[in-house]
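Structure record follows, encoded as structure tokens.
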Amino acid sequence: MKAGQAWKEVGLPCWYHRLCRYPLAWIFRLFFRLYGRLQVVGLENIPKTGALLIAANHASDLDPPLGWAVIAQRRWIWGVAKIELWNHPVTRFITRTMHGIPVRRGKADLRMFHLVLELLERGEAIGFFPEGSRSRDGNLQPAQPGLALLVQKSGVPVVPVGVVGTFDMLPPGAKKLRRARLAICFGPPIHFSPDASREQILETVMTAIAQQIEVGKRQVSEKKRDFQGEQQDIRNGL
């Protein structure tokens with residue numbers, strides 16, 4: 001099935017989605033900074049122009065709005081999202097405003113594949129979760145082959161991203177948010193040779209994502225220690 005038919009099914013972002021993306025991104029950033037004391041590391045590694053794949057770990061429903069809102073400070077991106085989000089008017093509006101690309105999970109979705117390739121040919125940036133779905137325990141899961149296929153077909157670089165804290169704030173199945181410190185860390189773009197194998201691509205990207213997760217964990221731990229030290233100083237002063 002050709003890519004254009006998928007757009008007819010879920011609808012392209014309209015002018016009001018493009019207009020609403022500015023306040024929506026600001027609201028998301030404000031929430032994550034206030035509620036999660038968000039720390040951002042390496043955002044400058046996102047090129048402001050040019051075709052790009054952005055690959056991140058996925059442990060919570062908060063990951064897409066967090067990544068999209070932070071990266072919006074550099075450029076607007078598209079993101080692969082489960083097609084079920086188009087079933088409800090609220091999530092449909094938010095997903096279209098965030099430039100969601102529909103994907104049917106559990107099988108090879110050629111429509112999504114063609115949509116992403118079309119957008120990459122136009123020089124767009126695409127957000128992607130190589131694991132395919134949320135981690136049930138918060139740990140990094142094995143990658144699905146989709147990312148490697150896109151890299152082989154497009155030849156674009158990949159920016160690895162580590163997201164820390166969203167699983168603690170809203171794990172899969174949770175109904176309420178819990179306060180947790182958040183960090184999102186961006187590694188330098190990874191360029192692959194045309195003859196790179198799928199296994200090499202996936203191993204390289206997932207290793208880089210794991211490294212960025214560790215950077216995020218250190219950032220969160222350091223801030224916790226600083227906060228505890230400040231509280232102790234206050235108690236000692238009293």
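Excluded from the calculations below are hydrogen atoms, water molecules and symmetry mates; all remaining heavy atoms, backbone and side chain alike, are included.
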So CZ of Phe129 and CD of Gln144: to nearest 0.5 Å the spacing works out to 14.0 Å
In terms of heavy-atom contacts, Gly36 and Met169 come closest through CA-CE, 3.8 Å
Heavy-atom closest pair (Trp86 atom, Ile101 atom, distance to 0.1 Å) is CH2-C, 3.8 Å
query = Do Phe192 and Leu117 sit in the same hydrophobic cluster, where Ile, Leu, Val, Met, Phe, Trp and Tyr count as joined when their side-chain heavy atoms come under 4.5 Å apart?
reply = yes
Pairwise side-chain contact, Ile184 with Val164, heavy-atom cut-off 4.5 Å (strictly under): no
Run the side chain to side chain contact (heavy atoms under 4.5 Å, CB included) test on Phe128 and Val103 for me, step by step, so that the C-alpha distance in whole Å, both residues' side-chain angles and the decisive distance to 0.1 Å come before the verdict.
CA-CA 11 Å; Phe128 201 88; Val103 61; over 6 Å; no
In this structure, CD1 of Ile126 is separated from OG of Ser154 (nearest 0.5 Å) by 9.5 Å
field: Joint hydrophobic cluster, Leu19 plus Phe93, side-chain heavy atoms closer than 4.5 Å
entry: yes
Are any of the side-chain heavy atoms of His58 and Pro130 separated by less than 4.5 Å? no
Item to check | Arg178 vs Asp168, salt bridge (charged side-chain N to carboxylate O under 4.0 Å, His left out): CA-CA, chis, key distance, verdict | outcome: CA-CA 7 Å; Arg178 299 180 300 197; Asp168 296 322; 5.3 Å; no
Centroid separation under 6.0 Å, is that true for the rings of Trp76 and Tyr22? yes
Worked check of side chain to side chain contact (heavy atoms under 4.5 Å, CB included) between Leu53 and Leu147: CA-CA 9 Å; Leu53 283 166; Leu147 177 66; 4.0 Å; yes
Only residue of Leu115, Val156, Leu52 satisfying side-chain contact (heavy atoms from CB on, under 4.5 Å) with Leu120 is Val156
Note: Ala180 and Gly165 closest approach over all heavy atoms is CB-O, 3.8 Å
Taken to the nearest 0.5 Å, the spacing of Arg92 CZ from Glu84 CD works out to 13.5 Å
Practice item. Taking atom CZ of Arg75 as the centre, report whether more than 12 heavy atoms of other residues, nucleotides or ligands fall under 6.0 Å from it. Key: yes
ask   = Is there a chain of hydrophobic side chains (I, L, V, M, F, W, Y, each step under 4.5 Å between heavy atoms) that links Leu177 to Ile94?
value = yes
Exercise. Stepwise, does the side chain to side chain contact (heavy atoms under 4.5 Å, CB included) test hold for His99 with His17?
Worked result: CA-CA 8 Å; His99 288 186; His17 294 108; 5.8 Å; no
- prompt: Short question: side chain of Asp63, backbone of Ala59 - any donor-acceptor pair under 3.5 Å?
  reply: yes
Taken to the nearest 0.5 Å, the spacing of Thr207 OG1 from Leu140 CG works out to 9.0 Å
Minimal heavy-atom distance between Gln152 and Ser197, with the atoms involved, is NE2-C, 3.8 Å
Exercise. Look only at the side chain of Thr91 and the backbone of Leu85, and say whether a donor-acceptor pair between them is shorter than 3.5 Å.
Key: yes
Shortest non-hydrogen pair, Glu131 vs Asn57, comes out as OE1-CA, 3.2 Å
**Asked** Can you tell me if Arg29 uses its side chain to pair, donor with acceptor, with the backbone of Ala69 under 3.5 Å?
**Response** yes
Quick one: side chains of residues 42-49, donor-acceptor pairs under 3.5 Å with protein atoms, not counting sequence neighbours, listed by atom name and distance.
{"from": "Asn45", "atom 1": "ND2", "to": "Gly42", "atom 2": "O", "distance (Å)": "3.4"}
{"from": "Asn45", "atom 1": "ND2", "to": "Phe186", "atom 2": "O", "distance (Å)": "2.8"}

Heavy atoms of Pro145 and Leu202 approach each other most closely as CA-CD1, 4.1 Å
Q. Do Gln212 side-chain atoms and Val161 backbone N/O form a donor-acceptor pair below 3.5 Å?
A. no
Rounding to 0.5 Å, atoms CG (Leu66) and CG (Leu182) come to a distance of 6.5 Å
**Message:** Before you tell me yes or no, could you show the steps for Leu24 and Trp68 under side chain to side chain contact (heavy atoms under 4.5 Å, CB included), namely the whole-Å CA-CA distance, both residues' side-chain angles and the distance that decides it to 0.1 Å?
**Reply:** CA-CA 10 Å; Leu24 184 63; Trp68 175 79; 4.0 Å; yes
- prompt: Hey, does Ile213 have a side-chain heavy atom less than 4.5 Å from the side chain of Lys217?
  reply: yes
Rounding to 0.5 Å, atoms CZ (Arg33) and CD (Gln39) come to a distance of 10.0 Å
*asked:* So does Asn139 get a backbone contact from the side chain of Gln141, meaning a donor-acceptor N/O pair under 3.5 Å?
replied: yes
**Backbone N/O of Val70 and side chain of Gln73: donor-acceptor pair under 3.5 Å** = yes
*asked:* Is there a continuous path of hydrophobic side-chain contacts, each under 4.5 Å between heavy atoms, that joins Tyr35 to Phe32?
replied: yes
In terms of hydrophobic clusters joined by side-chain contacts under 4.5 Å, are Met98 and Ile54 together?
yes
